[in-house]
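First comes the structure, then the notes that go with it.
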Protein chains: 2
Amino acid sequence: MSITIKEIAEKANVSIATVSRALNDNPNVKESTKELIRNLAQEMNYSPNFVARTLVKKKTNVIGIILPEVGGEFFPEIIKGVDEVAYQNEYHVFVASSHSERNTVESILGFMSKSMVDGVILMLPSITDHIRNLIKRTRIPIVLINGYSKMEEVSSVGIDNFQGAYTMTNFLIQNKGYDKISFIKGPDINSDAKLRLKGYKAALEDNKIPINHEWIVDGDFTIKGGELAASRLLSLINKPSVIFAANDMMAAGCYRVIDQLGLTIPDDIAVVGFDHIPMSEFLNPKLTTVHVPTDEIGRKAAKLLLDILENSETTKPQHIKITTGLIVGKSC
Amino acid sequence: MSITIKEIAEKANVSIATVSRALNDNPNVKESTKELIRNLAQEMNYSPNFVARTLVKKKTNVIGIILPEVGGEFFPEIIKGVDEVAYQNEYHVFVASSHSERNTVESILGFMSKSMVDGVILMLPSITDHIRNLIKRTRIPIVLINGYSKMEEVSSVGIDNFQGAYTMTNFLIQNKGYDKISFIKGPDINSDAKLRLKGYKAALEDNKIPINHEWIVDGDFTIKGGELAASRLLSLINKPSVIFAANDMMAAGCYRVIDQLGLTIPDDIAVVGFDHIPMSEFLNPKLTTVHVPTDEIGRKAAKLLLDILENSETTKPQHIKITTGLIVGKSC
DNA sequence: TGTAAAAATGTAAGCGTTTACATAATTTGG
DNA sequence: CCAAATTATGTAAACGCTTACATTTTTACA
């Protein structure tokens with residue numbers, strides 16, 4: 001059993017109210033009694049009961065992050081960004097991730113809503129109607145992390161996928177002189193993936209390069225998918241000179257296939273990716289890719305959420321887009 | 001404001017006690033009233049207040065994991081393992097990680113002890129006296145994840161670093177025929193690192209290969225450290241034919257240096273690692289390394305902790321060592 | 001020194017549950 | 001049909017803390 005303020009009160013010969021006030025540094029407690037109580041608390045190894053405090057204050061000072069199962073490459077970075085901001089504002093962070101054992105975010109979101117956290121940052125690769133309803137029904141503030149939210153009513157933070165893909169494509173054309181640029185798509189339901197494709201197409205159009213639909217192949221954001229897509233592209237009669245994979249994982253898959261075929265990057269075929277996951281730095285040659293400032297996403301999301309929590313209701317939903325950067329490697 | 005059992009009680013014309021019992025499926029509540037109350041709860045979108053329940057039950061059904069800042073490569077796997085077991089036992093998992101903003105695990109452990117979680121899984125790269133005391137003073141059950149715990153009084157789960165390094169070294173000697181095997185150490189304070197070194201040395205001895213101290217160089221588990229160490233080893237007059245890096249990150253550093261020098265792996269120099277981090281699969285040629293079953297560690301740790309929580313006090317501290325495997329790539 | 005204002009402390013209610021104990025309603029069996 | 005046993009419900013305390021309000025103590029000043 002833990003020490004409670006009641007026991008401190010007894011030892012100090014004061015009421016529990018005074019103890020509570022002293023420990024919370026309430027200005028109208030005599031300095032001497034404050035000191036007495038603080039010392040006593042220290043001696044007795046007292047540690048306040050978070051749960052009891054939360055019950056009366058109706059505030060946990062904890063925010064939750066819910067992460068999807070797939071592709072955990074950048075989660076640590078996001079968490080770090082969130083935790084940084086949270087810590088500065090005296091909040092704690094509660095991370096939960098869905099995985100094979102639980103098929104939806106429902107259980108987690110449900111749990112979190114039970115007065116466990118003050119708000120949650122929800123990262124979703126795609127958003128179903130079911131989840132949409134869930135979010136609407138949830139009472140606590142939510143900030144979405146994703147490429148593009150069609151939920152106007154919920155604040156969101158995401159990277160500018162369109163701009164990222166556009167910049168990369170433009171870079172390939174204008175700085176590197178490529179014009180035979182192929183593209184490996186992501187999953188159709190993934191909104192990030194869709195916007196990356198759009199950016200790619202837009203850049204081609206703006207540069208007056210016709211879109212070759214043979215060069216736009218399906219992918220699923222996995223290594224395997226990248227391998228399949230690369231094989232397809234490399235077996236075409238009219239081969240592209242660059243493969244722009246919608247994420248780094250698939251780019252890695254391309255590397256493998258290209259390697260197996262005895263071709264060299266970038267001479268025989270160039271490869272570029274998107275995400276700048278840690279692994280991309282270790283691909284040989286180093287991958288040229290779109291840098292996604294993951295920690296920045298985390299920080300922005302946390303700031304947004306805390307803002308909502310502090311000035312509740314006054315702020316209307318915001319949608320923040322974070323600009324990506326270009327990491328120029330040796331792969332093109 | 002959320003719905004409470006009080007409001008349900010009013011609507012149902014029963015006392016809050018009955019509502020509480022009905023919702024908890026207490027056997028001596030009439031089936032008809034149970035139904036009534038359950039329906040009402042559903043309609044009113046009631047969701048129990050976790051905090052209030054915890055206050056009286058003194059059980060949160062949440063376990064915490066505290067992760068260190070460094071090298072987050074395998075955290076997702078560990079978390080997954082923990083969460084799997086936790087979920088099966090109706091527990092939730094609370095992840096926190098130390099990072100630059102907070103220099104010790106103190107703040108987190110402190111927070112977690114405040115009745116926030118029922119127990120914690122603590123992952124520590126090294127264990128200082130300060131932390132040791134902290135652990136001893138903490139009232140809630142703790143399970144340590146690390147290579148070797150000198151804390152007999154606290155249960156722990158870890159991989160068998162000695163066996164892993166021994167097996168790898170032995171493999172290099174007996175299966176691959178190497179005898180000029182160098183080793184890049186990890187940080188001196190890191191207990192995993194120390195045991196890996198021991199395993200390496202023991203295998204050499206058992207194979208009657210004299211230890212060449214020139215071939216045992218310092219490292220710090222980072223890429224940079226690997227680069228430095230590799231440079232050192234490759235500038236020796238009497239060069240080794242294999243580099244055994246105490247972790248994969250340093251092995252990656254070796255790859256870089258070897259690449260820059262225009263040498264090839266494994267012909268000019270072989271490289272092997274330890275950890276089997278995802279990246280190791282993408283190094284070219286694929287890295288031969290020691291596989292650490294990270295999710296297994298998470299599962300075991302969670303099982304151990306839950307066991308302690310359920311049969312509190314009855315079980316004495318256990319120390320589980322998990323056997324590693326060998327991933328044979330093309331790097332030796 | 002007396003009194004009003006200011007400062008310090010105490011009292012008690014309340015946060016939303018659970019649960020031991022008390023009471024009321026129902027069933028059972030002689 | 002009534003008492004006893006059983007079943008269902010209610011009452012109220014408790015969990016550990018915060019805080020509005022009441023009360024006491026100290027301070028300031030005429």
Side-chain angles (χ1 to χ4, degrees), chain A residues 1-38 40-41 44-62 90 111-118 139-140, chain B residues 1-38 40-41 44-62 110-118 139-140:
Chain A
M1 283 307 300
S2 300
I3 300 293
T4 68
I5 53 169
K6 197 176 161 193
E7 305 174 56
I8 297 182
E10 276 166 16
K11 272 239 175 25
N13 262 319
V14 295
S15 70
I16 58 165
T18 302
V19 175
S20 173
R21 282 188 282 248
L23 294 174
N24 287 301
D25 207 18
N26 184 309
N28 45 1
V29 172
K30 218 199 300 176
E31 194 53 46
S32 61
T33 46
K34 264 190 201 174
E35 196 124 337
L36 168 70
I37 290 169
R38 274 198 284 249
L40 229 39
M44 301 169 78
N45 195 17
Y46 168 79
S47 142
N49 185 315
F50 172 85
V51 175
R53 170 180 288 158
T54 300
L55 185 59
V56 20
K57 286 222 166 190
K58 302 192 156 309
K59 187 138 187 337
T60 62
N61 265 47
V62 174
E90 297 185 303
F111 172 64
M112 294 223 171
S113 310
K114 294 189 205 327
S115 318
M116 191 59 215
V117 298
D118 293 338
R139 287 179 313 275
I140 57 176
Chain B
M1 282 304 298
S2 301
I3 300 294
T4 69
I5 53 170
K6 196 175 163 193
E7 306 173 56
I8 298 182
E10 278 167 14
K11 272 239 174 28
N13 261 320
V14 294
S15 71
I16 58 165
T18 302
V19 175
S20 174
R21 283 189 282 249
L23 294 174
N24 287 300
D25 207 18
N26 184 310
N28 46 359
V29 172
K30 218 198 300 177
E31 194 53 47
S32 61
T33 46
K34 265 190 198 173
E35 197 123 338
L36 169 70
I37 289 169
R38 274 198 283 251
L40 229 39
M44 300 169 78
N45 195 17
Y46 168 79
S47 145
N49 185 316
F50 172 84
V51 175
R53 171 181 288 160
T54 300
L55 184 60
V56 22
K57 287 218 160 196
K58 301 195 155 309
K59 185 135 189 336
T60 61
N61 264 47
V62 174
F111 172 64
M112 293 224 172
S113 309
K114 295 186 203 328
S115 317
M116 190 58 214
V117 297
D118 293 338
R139 289 177 311 275
I140 58 175

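In this text, all values refer to a predicted model and were calculated from it rather than measured experimentally. Every chain is numbered from 1 and lettered A, B, ... according to where its sequence line falls, protein lines coming before strand lines.
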Next item on the list: For A:Asn24 and A:Ser20, indicate whether the former's side chain and the latter's backbone hold a donor-acceptor pair under 3.5 Å.
Entry: yes
Check: In whole angstrom, what separates A:Ile5's CD1 from D:dT19's P?
Finding: 11 Å
Item checked: Out of D:dT11, C:dT9, C:dG16, whichever nucleotide has its closest atom nearest the side chain of B:Ala17 -> D:dT11
Checklist line | Among D:dG10, D:dC17, C:dT17, the one nearest A:Thr4 by side-chain distance | finding: D:dC17
Next item on the list: Report the C-alpha separation of B:Ile8 and B:Arg38 in whole Å, then their side-chain angles, then the decisive distance to 0.1 Å, and conclude whether the side-chain contact (heavy atoms from CB on, under 4.5 Å) test is met.
Entry: CA-CA 9 Å; B:Ile8 298 182; B:Arg38 274 198 283 251; over 6 Å; no
Item checked: 4.5 Å side-chain heavy-atom contact, A:Asn45 and A:Ile3 -> no
Next item on the list: Measure from the side-chain heavy atoms of A:Tyr46 and tell me the nearest of C:dG16, D:dC17, D:dG10.
Entry: D:dC17
Margin query: Do B:Lys11 and B:Glu7 have side chains that approach each other closer than 4.5 Å (heavy atoms only, starting at C-beta)?
Written below: no
Margin query: Tell me the interatomic distance from A:Lys59, atom NZ, to D:dC17, atom C1', rounded to whole angstroms.
Written below: 17 Å
Note to self: Need to verify one output field. Residue with the more 5' nearest nucleotide on DNA chain D, B:Leu55 or B:Val14?
What the structure shows: B:Val14
Next item on the list: Between A:Lys30 and A:Ile16, just flag the one whose closest nucleotide in DNA chain D comes earlier from the 5' side.
Entry: A:Ile16
Check: If you look at every strand shown and take non-hydrogen atoms under 4.0 Å, does B:Asn26 touch a base, only sugar-phosphate, or nothing?
Finding: nothing
Checklist line | Separation of atom CD in A:Glu10 from atom P in C:dG10, rounded to whole Å | finding: 13 Å
Check: Quick one: B:Asp25 CG to C:dT17 P, roughly how many Å, whole number?
Finding: 17 Å
Check: Which listed nucleotide (C:dT18, D:dT18, C:dC21) is nearest to the side chain of B:Asn24?
Finding: C:dT18
Item checked: Closest to side chain of A:Lys57, choosing from C:dT18, D:dT18, D:dT9 -> D:dT18
Next item on the list: Just call it for B:Thr33: base, sugar-phosphate, or nothing, with non-hydrogen atoms closer than 4.0 Å on any strand.
Entry: sugar-phosphate
Notebook entry, point to check: Whole Å only: how far is the NZ atom of B:Lys6 from the P atom of C:dG14?
Noted result: 8 Å
Note to self: If you define the side chain from C-beta out and look only at heavy atoms, does anything of B:Leu40 sit under 4.5 Å from B:Tyr46?
What the structure shows: no
Note to self: What's the closest nucleotide to the side chain of B:Ser15 if the choices are C:dG10, D:dC15, D:dG10?
What the structure shows: D:dG10
Item checked: Sugar-phosphate, base or nothing in reach of B:Asn28, heavy atoms under 4.0 Å -> base
Margin query: Distance check needed: C:dT9 P versus A:Lys34 NZ, whole Å only.
Written below: 10 Å
Next item on the list: Could you work out which one of C:dT18, D:dT18, C:dC21 sits closest to the side chain of A:Ser20?
Entry: D:dT18
Notebook entry, point to check: Between B:Arg53 (CZ) and C:dT17 (P), how many Å, whole number?
Noted result: 8 Å
Checklist line | Among C:dT18, D:dG10, C:dC15, the one nearest B:Thr18 by side-chain distance | finding: D:dG10
Item checked: B:Val117 vs B:Ile140 side-chain heavy atoms within contact, under 4.5 Å -> yes
Notebook entry, point to check: When you measure from the side chain of A:Pro48, which nucleotide among C:dG10, C:dT18, D:dC17 comes out closest?
Noted result: D:dC17
Next item on the list: When you get a sec, tell me which of D:dC15, D:dG10, D:dT18 is the closest nucleotide to the side chain of B:Lys58?
Entry: D:dC15
Next item on the list: Report the distance from atom CZ of A:Phe50 to atom P of D:dC17, rounded to the nearest whole Å.
Entry: 13 Å
